[in-house]
Amino acid sequence: MLDLNITLLFQLVNFLITIVVLNYLLIKPIRKIISERKAMMANLSNDAEGFASKAQSSLDEYEAQLVKARQDAAANREDGRNAGLKEQQAVLDEAQKEAQGILGEARARLNAEAEESLKELRAKVDSFSQQLATRVLG
């Protein structure tokens, strides 16, 4: 059975003193360290979120610049293609004009030669007909 005497009272006082001393020496400093660590972790978590948002914004900006660069490259490529087609068309037009000029000169020369040959043949028709008539009659 349990005896309730003065030793129980001393043990109770001793226990309370031990709890007060432990609270002062161990529990309060540990609680303080734990609360400081919680604050530090919250601060680090906020910093990490800030870094993540900065990284995401940098990535978004990079992707936007990449899209813009691709669009600019496509526009430059299309401009170059159009300039090449215009130059090609100009060269073809010039070549066609030159060919038309050469054809016109050749036709004019041929027509002149044909007219000249025709004149020569008309001039020689009388002499040919006389020679033919003398050969047939002769």
Side-chain angles (χ1 to χ4, degrees):
M1 190 142 150
L2 185 63
D3 271 336
L4 295 175
N5 56 17
I6 195 87
T7 54
L8 182 66
L9 185 65
F10 283 129
Q11 284 182 355
L12 187 62
V13 169
N14 190 21
F15 178 72
L16 291 175
I17 291 172
T18 305
I19 289 186
V20 169
V21 169
L22 286 176
N23 187 31
Y24 180 72
L25 292 177
L26 289 176
I27 296 173
K28 279 188 179 181
I30 288 174
R31 283 185 182 171
K32 182 180 174 186
I33 290 171
I34 289 173
S35 66
E36 287 173 356
R37 284 190 181 171
K38 280 184 182 179
M40 184 174 65
M41 292 302 287
N43 191 15
L44 290 175
S45 176
N46 290 338
D47 289 347
E49 289 175 6
F51 289 139
S53 66
K54 281 182 183 179
Q56 185 62 40
S57 66
S58 295
L59 181 63
D60 292 343
E61 182 179 330
Y62 170 75
E63 287 176 352
Q65 289 175 352
L66 188 61
V67 166
K68 185 176 184 283
R70 285 182 180 156
Q71 290 173 347
D72 290 345
N76 287 341
R77 186 174 48 245
E78 191 64 30
D79 289 346
R81 183 178 295 138
N82 289 338
L85 289 174
K86 285 180 183 178
E87 186 175 337
Q88 179 185 10
Q89 189 62 39
V91 168
L92 284 174
D93 289 344
E94 185 178 328
Q96 283 180 343
K97 287 178 183 177
E98 189 175 323
Q100 291 295 332
I102 291 171
L103 270 171
E105 289 176 9
R107 283 183 184 159
R109 207 171 344 128
L110 284 174
N111 285 338
E113 287 178 8
E115 284 293 323
E116 189 177 314
S117 296
L118 191 60
K119 283 181 185 178
E120 287 178 16
L121 287 175
R122 283 186 182 160
K124 292 182 181 179
V125 164
D126 286 336
S127 69
F128 285 145
S129 58
Q130 284 179 0
Q131 288 176 357
L132 183 66
T134 57
R135 285 188 185 170
V136 171
L137 293 176

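As the structure is a prediction and not an experimental result, all values here were calculated from the model. Count residues from 1 along the sequence.
- Within the 4.5 Å cutoff, the side chain of V91 has no heavy atoms near those of the E94 side chain.
- Between Q88 and L85 the shortest side-chain heavy-atom distance falls below 4.5 Å.
- Separating the NZ atom in K119 from the CZ atom in R122 is a distance of 9.5 Å, to the nearest 0.5 Å.
- With a 6.0 Å radius and a threshold of 12 heavy atoms from other residues, nucleotides or ligands, M41 has its CE atom at or below the threshold.
- D93 and Q89 share a donor-acceptor pair across their side chains, judged by distance under 3.5 Å alone.
- Contact of the K38 side chain with the S35 side chain is not registered, since no non-hydrogen atoms from C-beta on lie closer than 4.5 Å.
- Transitive grouping of hydrophobic side chains (ILVMFWY, heavy atoms separated by less than 4.5 Å) brings I17 and L25 into a common cluster.
- At least one donor-acceptor pair closer than 3.5 Å links the side chain of S58 to the backbone N or O of K54.
- More than 12 heavy atoms of other residues, nucleotides or ligands lie within 6.0 Å of CD in E120, so this atom counts as buried by the packing criterion.
- Side-chain contact of Q56 with D60: a donor-acceptor pair under 3.5 Å is present, judged by distance alone.
- Residues R81 and E78 are paired through a salt bridge, judged by an N-O separation under 4.0 Å between the basic side chain and the carboxylate.
- The local environment of CD in E63 is crowded, with over 12 non-hydrogen atoms from other residues, nucleotides or ligands closer than 6.0 Å.
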